[in-house]
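See below for the structure under consideration.
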Amino acid sequence: MPNPTQSTDAITLLKADHKEIRKTFADFEKAGDNAEKTKQRLVDKMIELLTVHTYIENEVMYPRVRALLPELEDDVLESYEEHHVADVLVMELVPMSPSDERFEAKATVLIENVTHHIEEEEQEWFPKVREGLTRTQLREIGDELAAAKERAPRRPEQPSALKKTVDAVIS
């Protein structure tokens, strides 16, 4: 049972994820040119954070908002597509190492795409969701997100993550 003093508001939970993802991006961008071990560690962390985050949004947040606020359908569909782009980049980064010619460029494109997605969510989509749902609904979705986070895949090659990526490709 969640601690009643701790917010399980869905948007608060997702924003906390965004903050951790942004910090990892900033750390990557600050790493020096020859910091291959650091960059590999940070890309591994990015992959895990993004795999978990896209999983919980795709499995819980987007379907629930889509059902409760049908007027946000276009926003949800755009978010699914932005996740798909991130998933493809993540899958391509998994086998790469910092010595690969395109490692840095691919990581940079991933960072730019995800940063744009986060900004759009926080500035445009979250306010619409907060306005359209009750506090109770947001807490219930937050509880579902927290539970999904516990069972979420940590690597994109795990079956539940691959299913999501395959579904995104063939849908």
Side-chain angles (χ1 to χ4, degrees), residues 2-3 6-62 75-76 78-127 129 142 145-171:
N3 178 344
Q6 182 185 354
S7 175
T8 55
D9 173 281
I11 292 171
T12 303
L13 188 144
L14 294 174
K15 280 185 172 182
D17 276 8
H18 288 173
K19 186 176 179 180
E20 188 178 6
I21 291 165
R22 278 195 180 107
K23 180 175 181 339
T24 307
F25 289 170
D27 290 346
F28 181 88
E29 290 170 336
K30 284 187 283 199
D33 287 339
N34 299 317
E36 288 195 359
K37 282 185 181 161
T38 300
K39 286 184 176 179
Q40 184 65 63
R41 182 180 54 76
L42 289 167
V43 164
D44 288 345
K45 185 175 179 183
M46 274 180 223
I47 289 168
E48 179 176 339
L49 291 172
L50 292 172
T51 300
V52 171
H53 187 73
T54 59
Y55 175 85
I56 68 171
E57 282 191 333
N58 287 351
E59 295 292 316
V60 177
M61 188 69 176
Y62 296 163
D75 293 313
V76 171
E78 183 180 338
S79 291
Y80 276 126
E81 293 305 320
E82 288 173 349
H83 279 192
H84 171 64
V85 170
D87 288 341
V88 170
L89 291 166
V90 161
M91 289 300 287
E92 291 175 355
L93 264 171
V94 167
M96 296 178 91
S97 72
S99 60
D100 291 325
E101 180 182 56
R102 293 169 58 206
F103 178 85
E104 188 95 18
K106 197 167 293 291
T108 299
V109 170
L110 176 65
I111 289 168
E112 288 169 352
N113 273 275
V114 173
T115 299
H116 166 79
H117 172 71
I118 287 172
E119 287 169 357
E120 218 170 53
E121 269 191 350
E122 290 189 357
Q123 293 164 16
E124 298 170 27
W125 197 64
F126 286 170
V129 172
L145 288 168
K149 207 170 192 175
E150 293 299 314
R151 67 175 185 270
R154 298 298 189 254
R155 299 286 303 170
E157 61 273 21
Q158 286 179 265
S160 53
L162 270 181
K163 180 192 178 308
K164 170 178 63 76
T165 304
V166 169
D167 287 349
V169 171
I170 60 173
S171 296

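Counting begins at 1 with the first residue of the sequence. Just the heavy atoms: all of them, side chains too, but no hydrogens, waters or symmetry mates, feed the values below. Nothing here was measured: the structure is a model prediction, and the numbers come from that model.
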To the nearest 0.5 Å, what is the distance between [atom1] on [X] and [atom2] on [Y]?
{"X": "Asp27", "Y": "Lys39", "atom1": "CG", "atom2": "NZ", "answer": "12.5 Å"}
{"X": "Arg41", "Y": "Met46", "atom1": "CZ", "atom2": "CE", "answer": "10.5 Å"}
{"X": "Lys106", "Y": "Glu92", "atom1": "NZ", "atom2": "CD", "answer": "3.5 Å"}
{"X": "Gln40", "Y": "Ser99", "atom1": "CD", "atom2": "OG", "answer": "9.0 Å"}
{"X": "Gln123", "Y": "Ile118", "atom1": "CD", "atom2": "CD1", "answer": "11.0 Å"}
{"X": "Leu110", "Y": "Leu93", "atom1": "CG", "atom2": "CG", "answer": "6.0 Å"}

[X] side chain near [Y] side chain, heavy-atom distance below 4.5 Å:
{"X": "Glu82", "Y": "Asn113", "value": "no"}
{"X": "Ser79", "Y": "Val76", "value": "no"}
{"X": "Glu104", "Y": "Asp33", "value": "no"}
{"X": "Met61", "Y": "Val129", "value": "yes"}

Legend entry - Residue pairs involving residues 22-54 (criterion ring pair (Phe, Tyr, Trp, His ring centres under 6.0 Å); sequence neighbours excluded): His18-His53

Inset, instruction - Look at the rings of Trp125 and Tyr62 and say which category their plane angle falls in: under 30° parallel, 30 to 60° tilted, over 60° perpendicular. - result: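 Answer is perpendicular, since the angle exceeds 60°.
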
Tell me, please, which residues at least two apart from [X] pass side chain to side chain contact (heavy atoms under 4.5 Å, CB included).
{"X": "Lys149", "result": "Asp17, Val52, Ile56"}
{"X": "Glu29", "result": "Ile111"}
{"X": "Ala35", "result": "Ala31, Thr38"}

For the residue pair [X] and [Y], what are the closest heavy atoms and their distance?
{"X": "Phe126", "Y": "Leu14", "answer": "CZ-CB, 3.8 Å"}
{"X": "Ala86", "Y": "Val114", "answer": "CB-CG2, 4.0 Å"}
{"X": "Leu145", "Y": "Ala10", "answer": "CD1-CB, 3.7 Å"}
{"X": "Leu13", "Y": "Gly142", "answer": "CD1-O, 3.8 Å"}
{"X": "Val43", "Y": "Ala107", "answer": "CG2-CB, 4.3 Å"}
{"X": "Ile47", "Y": "Thr51", "answer": "O-OG1, 2.6 Å"}

Legend entry - Glu20: salt bridge (Lys or Arg N to Asp or Glu O under 4.0 Å) partners, not counting sequence neighbours: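 Per chain and number, Glu20 pairs via salt bridge (Lys or Arg N to Asp or Glu O under 4.0 Å) with no residue.
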
Inset, instruction - Would you mind listing every salt bridge (Lys or Arg N to Asp or Glu O under 4.0 Å) that reaches into residues 112-123, with sequence neighbours excluded? - result: Arg22-Glu122

